[in-house]
Amino acid sequence: MIVKSPFIPVPIVILTMLLSGCSSLLPSPARELSAPAAPEQWQSMAAERVDEPHGWLQRFNDSLLNRLVDESINANPQLQRARALLAEGSALASVAGAERKPGVNASLQAGRSDSGGVIRDQFSLGLNFGWELDLWNKLSDSAKAAEIDRQALLQDYRSARLSLAANVTKSWFAAVEAKQQLQLSRELIRILHDRLEVLEEGYRSGIVAALDIHLARANLAGERSRLTTREQALGRSVRGLELLLGRYPANQLSIANQLPQLPESIPSGLPSELLTRRYDIRAAQLRVESSWARLSRSHKDRFPSFNLTASLGSSTNEFSQLLQGDSIVWSLLGGVAAPLLDGGRLQALEAKSLAQAQQREAGYRDTVLKAFSEVEEALQQEQQLQRFVQQLELSVSESDQAELLAAEQYRAGLVEYITLLESQRRAFDARSTFVQARNQQLQNRINLYLALGGDFVAGPIDAAAQTESRLESDPQPQSTPSASNILIDTSNSANSQTPP
């Protein structure tokens with residue numbers, strides 16, 4: 001006896017298989033991002049707390065430097081590239097967001113055919129509608145990742161702008177130091193030349209020995225050769241600064257004659273504040289969040305996709321009848337599709353996304369550790385350079401006194417000319433080293449501002465804020481890293497639902 005089984009429609013069988021397959025997929029786990037523990041205070045120096053970390057450029061009280069920073073912000077090619085990257089990221093975020101919305105396409109076609117001598121015209125008009133229902137928030141995850149990438153690019157741009165301001169300032173101080181070194185060489189050459197003339201007159205009178213003349217001439221020639229080297233150094237510094245300004249490197253920029261005084265206060269904060277003030281740390285943390293959103297999307301790609309499609313159109317042999325009621329047809333379709341067998345491709349893509357997320361997590365921790373190291377290094381250099389400059393200042397004073405005394409004793413015939421030359425060399429070297437050390441102090445102070453995440457204000461009206469008013473009007477990222485652990489739930493949030 002044969003028993004016939006009841007008929008089961010094929011669509012119901014397929015739908016049952018799809019949903020049963022979904023039930024075996026686990027939601028993506030929550031991921032936790034841990035920042036390296038911040039010390040209670042800096043090891044090298046107890047940081048002075050200043051409420052306002054911005055405006056470090058104003059501390060140097062140099063209006064010309066402020067204008068140069070403004071000029072670089074508007075004309076530097078590298079910053080323009082960062083600005084274009086931000087615009088590209090904004091466009092990609094808009095593209096990803098548009099994928100969540102329905103799409104409508106219109107079409108109009110006209111054609112003519114010849115069949116056995118019978119010529120026919122054909123006209124068609126249609127509207128096509130398509131929409132993927134984002135039940136599992138797949139598209140939302142992609143849009144979220146693109147938006148976070150845009151925010152990370154915004155932090156990159158701000159970091160590039162801050163770095164540009166710092167590089168312009170450091171290059172400016174380097175050029176000023178080069179000019180001061182050149183002035184020292186010219187002054188020394190003038191002194192050596194005048195003394196050589198006196199010595200030669202004394203030699204002709206039989207008072208000065210020939211050895212003293214040869215020593216004086218050799219010393220003057222050596223300093224003139226060093227003058228050429230310092231002229232080249234000044235030219236390189238000025239051309240490098242002009243490149244940062246977006247100018248042609250013509251070595252025509254006017255440079256100040258003296259380095260500014262070192263600002264007294266250090267605008268630092270608690271170590272943990274680095275994690276909210278430094279743009280590069282914000283960008284690294286945002287890219288971790290972006291990778292988590294993409295990991296969530298990769299996980300959900302294994303779930304079914306639901307699509308709605310509709311069409312409305314007409315087809316006729318007469319163009320005037322395109323909109324006639326008897327020629328209009330429409331359709332509405334709904335569909336579901338899910339991967340059943342793909343050779344493990346989707347699982348491998350999810351594993352790839354997981355590995356990329358782990359890479360960015362490690363990169364974030366590395367960025368934080370390097371930030372702490374940069375601050376500790378700059379603070380240590382701050383202390384060491386301060387002591388170094390103090391000792392050099394004393395050395396300059398004592399060397400000048402020794403040079404004056406040696407000159408008096410040489411004229412009195414108490415010491416040989418070689419003693420005078422040595423005193424001159426030491427006095428000049430002390431002044432040269434002192435100028436170099438003061439520039440090192442300024443360079444290190446700027447490095448400290450950068451390490452602490454300080455921003456800049458270039459003049460009463462910030463030209464950068466005017467130029468970038470549209471880009472910078474975007475809201476700040478909602479989540480910013482802190483010294484404590486950061487937990488971002490990628491499975492139980494509103495954007496990460498679990499399928500049946």
Side-chain angles (χ1 to χ4, degrees), residues 54-88 153-186 227-261 263 279-280 435-436 438-447 449-450 454-472:
H54 305 292
W56 60 263
L57 189 61
Q58 298 297 331
R59 297 177 184 273
F60 299 108
N61 194 27
D62 190 334
S63 59
L64 176 57
L65 176 58
N66 293 345
R67 292 195 295 271
L68 292 178
V69 170
D70 285 346
E71 181 181 345
S72 69
I73 289 171
N74 292 320
N76 181 267
Q78 295 297 325
L79 190 63
Q80 290 175 346
R81 178 179 179 274
R83 191 180 300 128
L85 287 174
L86 175 57
E88 179 186 7
L153 287 171
L154 178 59
Q155 301 306 314
D156 288 342
Y157 170 75
R158 290 170 174 167
S159 179
R161 200 179 70 174
L162 176 60
S163 296
L164 176 60
N167 288 333
V168 168
T169 306
K170 293 168 70 174
S171 297
W172 171 256
F173 292 153
V176 174
E177 186 217 330
K179 185 175 181 179
Q180 285 190 254
Q181 298 285 7
L182 182 61
Q183 291 170 344
L184 284 175
S185 286
R186 287 173 175 170
L227 177 66
T228 302
T229 301
R230 294 195 167 181
E231 287 175 340
Q232 293 173 348
L234 177 59
R236 285 194 300 269
S237 297
V238 173
R239 285 191 292 272
L241 180 56
E242 288 172 335
L243 286 176
L244 289 175
L245 300 178
R247 298 186 186 183
Y248 181 83
N251 190 19
Q252 296 179 350
L253 185 65
S254 297
I255 304 298
N257 294 322
Q258 296 292 330
L259 288 169
Q261 294 298 319
Y279 297 129
D280 57 341
V435 172
Q436 183 181 14
R438 289 197 61 234
N439 180 41
Q440 290 176 353
Q441 268 192 311
L442 293 168
Q443 301 282 335
N444 184 73
R445 178 60 64 87
I446 298 170
N447 290 336
Y449 290 141
L450 280 175
D455 202 347
F456 67 95
V457 179
I461 300 177
D462 188 358
Q466 290 182 337
T467 304
E468 311 305 331
S469 58
R470 180 181 62 83
L471 295 176
E472 301 241 7

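This one's a predicted model, so the numbers in the text were calculated from it and none came from an experiment.
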Participant: Counting C-beta onward and ignoring hydrogens, is there a side-chain heavy-atom pair between Y157 and L85 closer than 4.5 Å?
Facilitator: no

Participant: Is there side-chain contact between Q183 and N257, with at least one heavy-atom pair below 4.5 Å?
Facilitator: yes

Participant: Roughly how far, to the nearest 0.5 Å, is the CD1 atom of I73 from the CD atom of Q80?
Facilitator: 12.0 Å

Participant: Can you name the closest pair of heavy atoms from S237 and A175 and give their distance?
Facilitator: CB-CA, 3.7 Å

Participant: Can you name the closest pair of heavy atoms from L244 and S171 and give their distance?
Facilitator: CD1-OG, 3.3 Å

Participant: Counting C-beta onward and ignoring hydrogens, is there a side-chain heavy-atom pair between L442 and P260 closer than 4.5 Å?
Facilitator: yes

Participant: How close do L234 and L182 get, heavy atom to heavy atom, and via which atoms?
Facilitator: CD2-CD2, 3.7 Å

Participant: With rounding to the nearest 0.5 angstrom, report the OG to CG distance, S72 to L243.
Facilitator: 12.5 Å

Participant: Run E177 and Q440 through side-chain contact (heavy atoms from CB on, under 4.5 Å) and show every step you take.
Facilitator: CA-CA 10 Å; E177 186 217 330; Q440 290 176 353; over 6 Å; no

Participant: Got E231 and R186 here, is their nearest side-chain heavy-atom distance under 4.5 Å?
Facilitator: yes

Participant: Does the side chain of K170 come within less than 4.5 Å of N447's, by heavy atoms?
Facilitator: yes

Participant: List the steps, then state whether side-chain contact (heavy atoms from CB on, under 4.5 Å) holds for F173 with L65.
Facilitator: CA-CA 10 Å; F173 292 153; L65 176 58; 4.2 Å; yes

Participant: From R81 CZ over to N76 CG, what is the distance, rounded to the nearest 0.5 angstrom?
Facilitator: 12.0 Å

Participant: Testing the basics here: between W56 and L162, what is the closest heavy-atom pair and its distance to 0.1 Å?
Facilitator: NE1-CD1, 3.7 Å

Participant: Can you confirm whether E71 sits close enough to R247 that some side-chain heavy atom of one is under 4.5 Å from a side-chain heavy atom of the other?
Facilitator: yes

Participant: Counting neighbours of CG on N251 that are heavy atoms of other residues, nucleotides or ligands and sit closer than 6.0 Å, is the number greater than 12?
Facilitator: yes

Participant: For a quick test of reading the model, state the closest non-hydrogen atom pair linking L259 to N439 and the distance between them.
Facilitator: CD1-N, 3.8 Å

Participant: Using side-chain heavy atoms (C-beta onward) and a distance below 4.5 Å, is Y279 in contact with L154?
Facilitator: no

Participant: Just to verify, which of D62, T169, V168 counts as forming a side chain to side chain contact (heavy atoms under 4.5 Å, CB included) with L57?
Facilitator: T169

Participant: Compare all side-chain heavy atoms of F60 with those of I446 and state whether any distance is below 4.5 angstrom.
Facilitator: yes

Participant: Say you draw a straight line from CG of N167 to CH2 of W172; how long is it, rounded to the nearest 0.5 Å?
Facilitator: 16.0 Å

Participant: About how many Å separate CZ of R158 and CG of D156, when rounded to the nearest 0.5 Å?
Facilitator: 11.0 Å

Participant: Which heavy atom of G246 sits nearest a heavy atom of P77, and at what distance?
Facilitator: CA-CD, 4.3 Å

Participant: Donor-acceptor check, side chain of R239 to backbone of P249, threshold 3.5 angstrom: yes or no?
Facilitator: no

Participant: I need the L68 CG to S63 OG distance, nearest 0.5 Å.
Facilitator: 9.5 Å

Participant: Going by the rule side chain to side chain contact (heavy atoms under 4.5 Å, CB included), which residues pair with Q258 if we only count those two or more places apart in sequence or in a different chain?
Facilitator: Q180

Participant: Checking E242 side chain against L253 main chain: does a donor-acceptor pair fall under 3.5 Å?
Facilitator: yes

